[in-house]
Engineer: 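Okay, handing you the structure first.
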Amino acid sequence: MTTTSQSSLIECAVSAAKTAGKYALANFSRRREVVKSFKHDVKLKLDQECQVKAISVIRKRFPQHSILGEEDDHDAYTGSAANGYQWIVDPIDGTVNFSHGLPVWCCSVGVWKDGEAVAGVVYAPALGELYTATSDQPAMCNNRQIKVSSVNKLADSIIMTGIDKEFDSKLKPLAIFTKLSFNTQKVRVIGSAAWDLCQVARGFCDGYFESAIYLWDIAAAGLIVEKAGGRTRMIKQPDLRHRLSYVATNGRIHNQLINLLTRQ
Ligand code: IPD
């Protein structure tokens, strides 16, 4: 791929993420307009409206590319990333934070080619943070290069994680939380996986793990971690609902964290 086409992908991804994120911020007073509530999750009208905004930017520039969005009807999804470009959009990652007014939420736009991430943008409008990376350019926050931390012992690390929204039926995330708590300096659950992963990229924490995360949560931020010098791994590949088990680290504690997570 030429540099020109990478720059056109990242420009479009930035524009799509900013369009959706600015729309969400401008409509912050509508953050409690709910489409559907669940015990540990919520679907907002603004999730859907922001996805429409992001997709319209992408469609205008790349009408032939396939797009997977969190708000799609996934039962009807037949698109495939096997050949060609796929855009993967999470219009508001950290929806529960957003609906309560917490500022940690973001819009994530990833571009994949033949199953590999080639461009990624995570935009957190309420925090004024724009994270970007392409496969041939380093990770940046607000146009300044970022790098993972140099912590090299799991015992000295901060690991972020997420508590799966369906955890009632499987206590695994809580067992993992306990295991991490005993073996690290601190565990944090902030509530916006894409933004959390960018903190690994920025060196503010040292790793992230979630046993049942969605492809749209990691599609952009995973590349940002890698291009900041970190490592990522899908411990379980995405299932039909696009859920996977995922770890990202600064690289130095990668094997220690995976060994801990996979040890019985
Ligand atoms: C969720 C958040 C949360 C993570 C969940 C995600 P959403 O995304 O990123 O931190 O633990 O697995 O699904 O629903 O707010 O877009």
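Start at 1 with the first residue, then count along the sequence. Predicted model, so just to flag it, every value in this text is computed and none were measured. In each ligand, atom 1 is the first atom listed, and ligand 1 is the first ligand listed.
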Engineer: I'd like to check the side-chain hydrogen bond (donor to acceptor under 3.5 Å, both in side chains) partners of Arg30; sequence neighbours left out, ordered by chain and number.
Structural biologist: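 Testing Arg30 for side-chain hydrogen bond (donor to acceptor under 3.5 Å, both in side chains), a comparison that skips the adjacent residues, returns Asn27, Glu33, Glu49.
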Engineer: Is Asp164 salt-bridged to Lys172, going by a charged N under 4.0 Å from an acidic O?
Structural biologist: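 So Asp164 does not pair with Lys172 through a salt bridge.
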Engineer: For Phe98, enumerate each residue passing the ring pair (Phe, Tyr, Trp, His ring centres under 6.0 Å) test, keeping only those at least two apart in sequence or located in another chain.
Structural biologist: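 Applying ring pair (Phe, Tyr, Trp, His ring centres under 6.0 Å) to Phe98 gives Phe28, Trp105.
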Engineer: Please report, to 0.1 Å, the donor-acceptor pairs under 3.5 Å made by any side chain of residues 148-157, with sequence neighbours excluded.
Structural biologist:
unit_1 : atom_1 : unit_2 : atom_2 : d
Ser149 : OG     : Asp206 : OD1    : 2.6
Ser149 : OG     : Asn250 : ND2    : 2.9
Ser157 : OG     : Leu154 : O      : 2.6

Engineer: Do NZ/NE/NH1/NH2 and the carboxylate oxygens of Arg202 and Glu129 come within less than 4.0 Å?
Structural biologist: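 Yes, Arg202 and Glu129 are salt-bridged.
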Engineer: Measuring from each atom of ligand 1, which residues have a heavy atom under 4.0 Å away?
Structural biologist: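 Its neighbours under 4.0 Å (heavy atoms only) are Glu70, Asp90, Ile92, Asp93, Gly94, Thr95, Gly162, Lys165, Gly191, Ser192, Ala193, Glu210, Tyr214, Asp217, given by chain and number.
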Engineer: Inspect the contact between Glu71 and Lys45 and indicate whether a charged nitrogen and a carboxylate oxygen are less than 4.0 angstrom apart.
Structural biologist: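 Glu71 and Lys45: not salt-bridged.
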